[in-house]
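Below, read A as the first sequence line, B as the second, and so on, with proteins coming before strands; counting in each chain starts at 1. Since we're looking at a predicted model, the values are computed, not measured.
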Amino acid sequence: QQQVKQSPQSLIVQKGGIPIINCAYENTAFDYFPWYQQFPGKGPALLIAIRPDVSEKKEGRFTISFNKSAKQFSLHIMDSQPGDSATYFCAANQAGTALIFGKGTTLSVSS
Amino acid sequence: GAGVSQSPSNKVTEKGKDVELRCDPISGHTALYWYRQSLGQGLEFLIYFQGNSAPDKSGLPSDRFSAERTGGSVSTLTIQRTQQEDSAVYLCASSLDPGYYGYTFGSGTRLTVV
């Protein structure tokens, strides 16, 4: 009930490609779905977040797509750059509880 | 402060020793969280504080782990009788309140038990 399952574990794309990272959750009480980006030696940093009342949210080159009926959400990175190479985590929670994180996706963007 | 500060950044300890990890959250952030990050295991929730109380400590792996928060600010995570499986990066985060605000993470304490 409390899991957030993330795939793939790792991803390699060429510069300009559109990597897609997927997450699935089980707890229907979850109503906040953020994505975090982590560079080596640093803590994760909030990238973008969505609530279940919308199906898509864009911030710059990053887009979250949300499918409430399937209990799935995904991150798309448009025109990916070598500087986007990092580990990405999806997460979910409901108010008053701590975020539950997926296991992460290591993205490598080759130039 | 401007960000979440954790100390020490690295800690090497002998098996069986006790260690204390410190977290200074962003001023004014009432919620504080501890997570553990091991290779390939993502971010494992340990405990969260709202003010000085801990509404959820369900993630603490064993009774060797404890945490406290004083003055609604600094928090200390204590691991007693450390074991090799405790080796990981311990991350602290704070947020304005335990609602839907984004977490600000520190850079973590890398703990190595030898």
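Side chains of A:Ser65 and A:Asn67: no donor on one and acceptor on the other come within 3.5 Å. A side-chain donor from one of A:Gln6 and A:Thr105 sits under 3.5 Å from a side-chain acceptor of the other.
Within the 4.5 angstrom heavy-atom criterion, no atom of A:Ala45 approaches chain B. Neither the backbone nor the side chain of A:Pro34 comes within contact range of chain B, judged by heavy atoms closer than 4.5 Å. For a residue to count as touching a neighbouring chain, one of its non-hydrogen atoms must lie under 4.5 Å from one of that chain's; by this rule B:Gln6 does not touch chain A. Contacts between B:Leu91 and chain A at a heavy-atom distance below 4.5 Å involve the side chain alone, from C-beta outward.
By the 4.5 Å heavy-atom criterion applied to side chains, B:Thr30 and B:Gln50 are counted as neighbours. Using a 4.5 Å cut-off on side-chain heavy atoms (C-beta onward), A:Ile64 and A:Phe33 make no contact.
Not one N or O on the side chain of B:Arg81 forms a donor-acceptor pair closer than 3.5 Å with the backbone of B:Arg64.
Here A:Pro44 is the residue among A:Pro44, A:Gly104, A:Ala91, A:Gly41 with the most heavy-atom pairs under 4.5 Å with chain B.
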